[in-house]
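Numbering of ligands and ligand atoms starts at 1, following listing order. All values below were derived from every heavy atom in this structure, side-chain atoms included, with hydrogens, water molecules and symmetry-related copies excluded.
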Amino acid sequence: MNQFTAGKHHDLLIDGQRVPAASGRYFETRDPSTEEVIALVAEADAADVDAAVRSARAAFEGTWGQMRPADRGLALLRLAEFVRRDQEELVELESLDSGKPVSAVRRQDLPAVIDTLIYYAGWADKISGQVIPARTDALTYTVREPMGVVGAIIPWNFPLMIGMWKIAPALACGCTVVLKPAELTPLTALKIGELAVEAGFPAGTLNVVPGFGKTAGQAIVDHPDIDKVTFTGSPGVGRQILRGAAGNLKRVTLELGGKSANIIFPGSDVEKAVKAAGAGIFFNTGQVCSAGSRILAHRSIYDEVVERLVGRAQGMRLGDPRDDKTSMGPLISQTQMERVLGYIEVGRQEGAEVAIGGARHGDKGYYVSPTVFTGVEHEMRISQEEIFGPVATVIPFEDEDDAVRLANGTVYSLAAGVWTADIAQSHRMTRKLKAGTVWVNTYGPTDVRLPWGGMRDSGFGREHGDIAIENFTEPKVVWINTGR
Ligand code: NAD
């Protein structure tokens, strides 16, 4: 058993201290591969969120807010070093709590977390305003000031990575943070909080309050002394957050869902395209906001694409996430497994055909076999709604316009992929596709230097890069009269 879970009871992190919830309540967190309880976690509610916000406010007004920007950068670098030192423990913990294969966390999540910390550590002392010569009788310039206390609410599909996408830029800007991890995956956020204390972050700079959405999450949204909420999760909760934030007109960034199209044109490298398309939908058991869940194949190569994709599904190794050879783990929970199996049933009832998969895998753990649907109509629910599981729909298209119509034909606009050997076509497609990111001849890579997010039901605003610096700062104009 992992060092961190061995203790079983895990308290909140408020004001640099591990403390039980004010209510004294704990909730269970499970290993999705065995369904067994791995730890009990203190359940924060409004009283704990309030204590965390007070502490975060004090750190913002004092220690952290007054620190030299370069020293904030150094603190982030120290945290990166501690994450690197404890990376095997973090890998195992993330895998235990989320069911992700250790191989995937080692290859993707952990390096991204360290990269994010180093990238934003570099920003800390480079956040500047502009001298703007508006008049000859004044010196006019802008400065960028930190927004204040940030509430970060994150989902369970990439707890470490998405958590760091929010924490690192907020802290680099001089904000302080109250982080609420998803109730299904609270453990690595607490471990990061502990590492931050060890790295010398002043008490209150980063508080971690695991708990449920309706209580702890809502308390963050409603709290009058939180200046900004940064949220990643479902569109339904995103809408609630936007409404709730109206109270004190909090700033809000929302990274929501997707139903992304991966379009394969004839003449492209179909073998490579389908390999990437398989990874695009089966990676992280399909629990990826930008999963390429709709594979659009030109009619002339449709059969080949289906055949190859079925082969990719057959090649997935489902099993113990701690086994290095496992390529696909379980879904996060019983509820999520039932939801995905429910969608598979809906697809069958709508008249689509299961080419492979379509059922639970085994009888222990929340495993669902990689599933490929053919005979799918664009209007079917399985082609329109986010399933968030290892379920691909393959749909034929006639020509470029048809591909664009299908690709843009959902309420989402997060990402899209295009496979083509025609350079002019690739430019036409990137122009026409409504998406926050369009990948050409690849599918799925992200980088913290590049803006991430979408439009419509995929969200509001962008994260990453310099945009995240804008997300956590406010411009202030200074006007100094130099007239006589
Ligand atoms: P969710 O919306 O149910 O939960 C996300 C977080 O919000 C959790 O911490 C939850 O406790 C909290 N929450 C729930 N109700 C709340 C409320 N009323 N007020 C405040 N907080 C509340 O989403 P999920 O099921 O955890 O994650 C899956 C969703 O996240 C999918 O739709 C997926 O596409 C999306 N997602 C998007 C991105 C992206 O970058 N765009 C990345 C990962 C996941």
Report task. Under the salt bridge (Lys or Arg N to Asp or Glu O under 4.0 Å) rule, what do Asp31 and Arg322 come out as? Steps first, then yes or no, please. Result -> CA-CA 11 Å; Asp31 174 350; Arg322 256 66 67 198; 2.8 Å; yes

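- Relative ring orientation between Trp439 and Trp452 is described as tilted, the plane-to-plane angle lying within the 30° to 60° band.
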Close N/O pairs between ligand 1 and protein, under 3.5 Å:
unit_1: ligand 1; atom_1: 2 (O); unit_2: Ser234; atom_2: N; d: 2.8
unit_1: ligand 1; atom_1: 2 (O); unit_2: Ser234; atom_2: OG; d: 2.6
unit_1: ligand 1; atom_1: 9 (O); unit_2: Ile154; atom_2: O; d: 2.8
unit_1: ligand 1; atom_1: 9 (O); unit_2: Lys180; atom_2: NZ; d: 3.0
unit_1: ligand 1; atom_1: 11 (O); unit_2: Lys180; atom_2: NZ; d: 2.9
unit_1: ligand 1; atom_1: 11 (O); unit_2: Glu183; atom_2: OE1; d: 2.6
unit_1: ligand 1; atom_1: 11 (O); unit_2: Gly213; atom_2: N; d: 3.4
unit_1: ligand 1; atom_1: 18 (N); unit_2: Gln218; atom_2: OE1; d: 3.0
unit_1: ligand 1; atom_1: 18 (N); unit_2: Gln240; atom_2: NE2; d: 3.3
unit_1: ligand 1; atom_1: 19 (N); unit_2: Gln218; atom_2: OE1; d: 3.4
unit_1: ligand 1; atom_1: 23 (O); unit_2: Ser234; atom_2: N; d: 3.4
unit_1: ligand 1; atom_1: 25 (O); unit_2: Trp156; atom_2: NE1; d: 3.1
unit_1: ligand 1; atom_1: 26 (O); unit_2: Trp156; atom_2: NE1; d: 2.8
unit_1: ligand 1; atom_1: 30 (O); unit_2: Gly233; atom_2: O; d: 3.2
unit_1: ligand 1; atom_1: 32 (O); unit_2: Glu386; atom_2: OE1; d: 2.7
unit_1: ligand 1; atom_1: 34 (O); unit_2: Glu386; atom_2: OE1; d: 3.3
unit_1: ligand 1; atom_1: 34 (O); unit_2: Glu386; atom_2: OE2; d: 2.6
unit_1: ligand 1; atom_1: 40 (O); unit_2: Trp452; atom_2: NE1; d: 3.1
unit_1: ligand 1; atom_1: 41 (N); unit_2: Leu256; atom_2: N; d: 3.4
unit_1: ligand 1; atom_1: 41 (N); unit_2: Leu256; atom_2: O; d: 2.7

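- In this pair, Phe201 and Trp64 present their aromatic rings parallel. The plane angle is below 30°, not in the 30 to 60° band.
- Looking at Gln384, its side chain does come within 3.5 Å of a backbone N or O of His378 through a donor-acceptor pair.
- Counting only distance, with no hydrogens or angles, the side chain of Glu35 and the backbone of Gly365 share a donor-acceptor pair below 3.5 Å.
- Formation of a donor-acceptor pair under 3.5 Å by the Asp109 side chain with backbone atoms of Met161 is not found in this model.
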